[in-house]
Amino acid sequence: MKLKSLTSAIAVLALGAGAAAAAEDSQLIINGETEIVTWTKAPEHMENVDEIRSGWTFRSEETQALQMDDFDNPGMIFVDQARETWDQVDGSEGKSCASCHGTPEEGMAGVRAVYPKWNEAAGEVRTLEMQINDCRENRMGAEKWGYTSGSIVNMTALITLQSRGMPVNVAIDGPVKETWEQGKELYYTRTGQLELSCANCHEDNYDNLIRADHLSQGQINGFPAYRLKNAKLNSVHARFKGCVRDTRAETYSPGSDEFIALELYVASRGNGLSVEGPSVRN
Amino acid sequence: MASGVKPRVKVPKSAAAGEAVTIKTLISHKMESGQRKDSDGNLIPRSIINRFTCDFNGANVIDVTLEPAISTNPYFEFEAKVDAAGEFKFTWYDDDGSVYEDAKSIAIG
């Protein structure tokens, strides 16, 4: 008898865990108009995963709902702040973002979807943050923003919003190939006292629970992400840092070559998902 | 003086007479609880929105007292029954004496 009640308790638990995951047919449509691809076929280069899923599909219904309407999405507060910054003149050249790029809607459509990407003139792979800071330093004559500072994260959110709904499409061959390979290497390298690589959680164990956390595939198509835990937008590199720290390792710095390479590789694992940022996660 | 405060409201443009409409409001505000300390160990003074009200054509719809445990950017969602066309008036009261207002009109049809 005792055994029987134990099994039924386990059945209830399993049911509870199942309810936390999104049903395969749940769909993300923002503001009733923008359809978001959250679940699709994995890109060719991924050897161990058949289907890629946005982090949205791993969250609870309540968190998912926050992203379906921009009024409910707390990340939009920070987009509004960036919109003000966009028009503000800063630096020695007397320019604002708007001086060269017009409105964000005109100037920034489709930009997020292809970053990080190769910059021919500089001969390097650039993230969106690097490009913003290059603009500030060299075109505006303004001071660079800190790599994960509020100002820059909010600005990436405003820029990302202009590509929302478009498929992530970062290049992985040509001049970026070497950096991409380096990122892939990092993805599969175990770090820290816990000896965990990105793949151990996000490839081998996604959809499982790690204590109370429902592990996602670690996709970054939804970044910058508003996290309920810290009530602000979080950049990709800040999230990487948190993850590497959780393996109990000394982390790379946000903006470092290692994280740039990792961002390129992880972004390419999401090729085919929609740009979703600013997203809401827990 | 709290900075970066901006009220937002979402009200449907029209409703059927007698319909209960959903109203969403959000105000960006840091909601400093008054219990945190800065890096020198000094108490950061409390600065919160302490009251929120909504009126429809002069009649009160909701009147909320907010306490320091409410987190940043307080969001309220509630329903109001609309019998006639008119205007919703929203008011937020700040600890520092500032009052923030917004208004939205709704039609019947």
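Letters A, B, ... mirror the listed sequences (proteins, then strands); counts begin at 1.
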Between chain B and chain A, identify all donor-acceptor pairs below 3.5 angstrom, including backbone and side-chain atoms.
unit_1  : atom_1 : unit_2  : atom_2 : d
B:Lys6  : NZ     : A:Asp80 : OD2    : 3.4
B:Arg8  : NH1    : A:Asp80 : OD2    : 2.4
B:Lys10 : NZ     : A:Asp69 : OD1    : 3.2
B:Lys10 : NZ     : A:Asp69 : OD2    : 2.7
B:Lys24 : NZ     : A:Asp69 : OD2    : 3.3
B:Lys24 : NZ     : A:Asp72 : OD1    : 3.3
B:Lys24 : NZ     : A:Asp72 : OD2    : 3.1
B:Tyr75 : OH     : A:Asp72 : OD1    : 2.8

### Query
So which pairs with a foot in residues 146-163 of chain A pass salt bridge (charged side-chain N to carboxylate O under 4.0 Å, His left out), sequence neighbours left out?
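Those involving residues 146-163 of chain A do not exist here.
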
### Task
Can you tell me which residue pairs pass the salt bridge (charged side-chain N to carboxylate O under 4.0 Å, His left out) test with a partner in residues 44-73 of chain B, sequence neighbours excluded?
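Non-adjacent pairs meeting salt bridge (charged side-chain N to carboxylate O under 4.0 Å, His left out): B:Arg46-B:Asp95, B:Arg51-B:Asp63.
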
### Query
Residues two or more places apart in sequence or in another chain: which of them pass ring pair (Phe, Tyr, Trp, His ring centres under 6.0 Å) with A:Phe78?
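Expected list: none.
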
### Query
Is B:Ile44 atom CD1 crowded by more than 12 heavy atoms from other residues, nucleotides or ligands, each under 6.0 Å away?
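Yes, enclosed.
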
